[in-house]
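Just so it is clear, the model here is predicted, and its values are computed rather than measured. All ligand and atom numbering here is 1-based and tracks the order in the structure.
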Amino acid sequence: MMRIARLLREGQPPAYAALEGHEARLFDRAPWHNGVPTGELISWNTAMLLAPVEPSKIICVGRNYAAHARELGHALPSEPLLFFKPPSAVVGPNADVVLPAVSRRVDHESELALVIGMRAKNLTRENSLAHLAGSTAANDVTARDLQKTDGQWARAKGFDGFCPLGPWVDTRTDAAFFASLSVCCTVDGTERQRGLTSDMIFDVTAVLVCISAIFTLEPGDVILTGTPEGVAPLAHHAQCTVAIYDNANNEVFSLTNRFVAG
Ligand code: MG
């Protein structure tokens, strides 16, 4: 297993790197764009972590956990409900996210995000996971009032900053790993969401098969797999952490952002 991050060091362009303890092995570009190690090993504690991926598109699955569909008053979908977030919505760990003044209710949605490793179309249940680079954590930030009034979700899901990703890409891609995760969210230290990926209506493989039948997926593209129940509004100065744990309760990802009134 590797952890792939994108680092910003003072006076340097952003660089992809494999994190190994306190050290980072730099790459010349993203591994999923055929990047290779440059040979440079640095201590990464002084670097800033950026979003670990630069997707050409972000495809999201809505209502993929039954309890969350119910809490919003919806029937369970018979096939994955898909929408987009624009790449311009991506921010990294610890970035401030502006709560747009035009919305009266902006919610957190903690989600497991898949990162595509190679160009993919028409994946099958058998070959889909082999096309992943790995996974990361995402917050599918949503202006809930605009989602209801607009009729489609481009604005509600698409403001700048509405797609925090990170802090790194974990390269494990086996079905047992994806099916054994807890997807959690805490706001100002209080737990708001805790769901199990085993409770997804459409599992990671089914999502990949469905989405790749529609879109050609490019390396670095990101798929948000849906949020468990417990979505709630974020207030000015809220500290929101999306945390994902494995079945031994080890933290796999912790992605924190602060929300500030616009
Ligand atoms: Mg969502």
Tell me which donor-acceptor pairs under 3.5 Å the side chains of residues 198-209 have, and how far apart each pair is, sequence neighbours excluded?
unit_1	atom_1	unit_2	atom_2	d
Asp203	OD1	Thr205	N	3.3
Asp203	OD1	Ala206	N	2.8
Asp203	OD2	Arg125	NH2	3.1

Show every donor-acceptor pair shorter than 3.5 Å between a side-chain atom in residues 88-99 and any protein atom, with sequence neighbours excluded, or say none if there are none.
unit_1	atom_1	unit_2	atom_2	d
Asp96	OD1	Arg258	NE	3.2
Asp96	OD2	Arg258	NH2	2.7

Under 3.5 Å, which donor-acceptor pairs link side chains of residues 171-181 to any protein atom two or more places apart or in another chain?
unit_1	atom_1	unit_2	atom_2	d
Thr171	OG1	Met2	N	2.7
Thr171	OG1	Met2	O	3.3
Arg172	NE	Asp170	OD1	3.1
Arg172	NE	Asp170	OD2	3.4
Arg172	NH2	Asp170	OD2	2.9
Asp174	OD2	Phe177	N	3.1
Ser180	OG	Ala176	O	3.1
Ser180	OG	Phe177	O	3.0

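The main-chain N or O of Ser110 is found under 3.5 Å from a side-chain atom of Gln193 such that the two form a donor-acceptor pair. Between the Trp44 side chain and the Gly21 main chain, a donor and an acceptor come within less than 3.5 Å of each other.
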### Task
May I have the step-by-step check of side chain to side chain donor-acceptor pair (under 3.5 Å) for Tyr65 and Glu71, ending in yes or no?
CA-CA 10 Å; Tyr65 291 78; Glu71 78 179 341; over 6 Å; no
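Residue-and-atom listing of protein N/O/S atoms under 2.8 Å from the Mg ion (ligand 1), sorted by chain and number: Glu109 OE1, Glu111 OE2, Asp140 OD2.
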